[in-house]
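What you see is a predicted model; the values in this text were computed from it and never measured.
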Amino acid sequence: MQEENNNSGGGNSNERDTADIITTKNSRGCIRCLNIIGTIEGHTIASPQCKTTKYEHVLPQLVELEEDDDVDGLLVLLNTVGGDVEAGLAIAEMISGLSKPKVSLVLGGGHSIGVPLSVSADISFIAHSASMTIHPMRTSGVVIGVSQTFEYMKRMQDRIIDFIVRHSNIEYDAYKKMMLTTDEIANDVGSVLFGAKAVECGLIDRVGTLSDALDALYGLIEEKSC
């Protein structure tokens, strides 16, 4: 997982923010749709060329959703390359902590810190053509070469794995093994899971489409209302 440490002041950040929430309503219920797209932006500003999902925008939107009696559930659509670790975990914790039904759907990619975001919902889906990249946590910028630095990164990585294990059906050792695979990604360590493979290992619940995700979400809403 990579922490986003770029700091560039150019560009209009509002134009680059893709974390828009829309509301749809029909006879089966009222749902919100959250897009998590591009780079998860944290405490520092990402490059002006990057599309970003800003945690400071998403968190209050999730609070508003939780408190809105007219909204019955949340659909999370993901196509993200990853980004800031703590920002991604913050959003994932907020989604998992919602009392309302929530379903996620990985479209295109749910890479790096996008993995805990993908599994934070009650039911997770992945499209047949989508992929997920699992790799150790990375950092950029100045790194102090002392044992404390590596211990900190290990503890951060354990936080990520712990969240994923608690919110999916994959085992800790199996996930860590995929994270440290050396023969699958060129010039890198980790694994790439495509569609059904992510379901086979227990990381994602089901392979499906938008209609499948919506049916599952409305099913959860109906169960809760009963």
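Using a 4.5 Å cut-off between side-chain heavy atoms of Ile, Leu, Val, Met, Phe, Trp and Tyr, Ile185 falls into a hydrophobic cluster with Val192, Phe194.
With sequence neighbours excluded, no residue forms a side chain to side chain contact (heavy atoms under 4.5 Å, CB included) with Phe150. Residues passing the ring-ring contact (aromatic ring centres under 6.0 Å, His included) test with Tyr218: none are found, sequence neighbours excluded. Not counting sequence neighbours, Glu56 has no partner by the salt bridge (Lys or Arg N to Asp or Glu O under 4.0 Å) test. Partners of Lys177 under the side chain to side chain contact (heavy atoms under 4.5 Å, CB included) rule, at least two apart in sequence or in another chain, do not exist in this structure. In this structure Glu93 satisfies the salt bridge (Lys or Arg N to Asp or Glu O under 4.0 Å) test together with Arg166, sequence neighbours excluded. Legend: residues meeting side chain to side chain contact (heavy atoms under 4.5 Å, CB included) with Glu151, ordered by chain and number and at least two apart, are Lys154, Arg155. Remark: Lys197 pairs with no residue by the salt bridge (Lys or Arg N to Asp or Glu O under 4.0 Å) rule, at least two apart or across chains. Looking at residues two or more places apart in sequence or on another chain, you find a salt bridge (Lys or Arg N to Asp or Glu O under 4.0 Å) between Asp122 and Lys102.
Contact of the Ile95 side chain with the Leu62 side chain is registered, since non-hydrogen atoms from C-beta on lie closer than 4.5 Å. No side-chain heavy atom of Thr182 sits under 4.5 Å from any side-chain heavy atom of Asp188. Counting only heavy atoms from C-beta outward, the side chains of Leu74 and Leu98 approach each other to under 4.5 Å. Side-chain contact between Met153 and Gln148: absent, with no pair of heavy atoms (C-beta onward) separated by less than 4.5 Å.
The stretch residues 206-216 participates, sequence neighbours left out, in these salt bridge (Lys or Arg N to Asp or Glu O under 4.0 Å) pairs: Arg28-Asp215. Screening residues 104-117 for salt bridge (Lys or Arg N to Asp or Glu O under 4.0 Å) gives no qualifying pairs among residues at least two apart or on separate chains.
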Pair Asp72, Lys25 - check salt bridge (Lys or Arg N to Asp or Glu O under 4.0 Å), show working.
CA-CA 9 Å; Asp72 301 306; Lys25 186 175 183 179; over 6 Å; no

Listed pairs under 3.5 Å, donor-acceptor, residues 114-121 side chains, sequence neighbours left out:
unit_1	atom_1	unit_2	atom_2	d
Ser118	OG	Gly114	O	2.7
Ser120	OG	Leu117	O	2.8

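To the nearest 0.5 Å, atoms CD1 (Ile113) and NE2 (His111) are separated by 13.5 Å.
A continuous path of Ile, Leu, Val, Met, Phe, Trp and Tyr side chains, each step under 4.5 Å between heavy atoms, connects Ile164 with Met94, placing both in one hydrophobic cluster.
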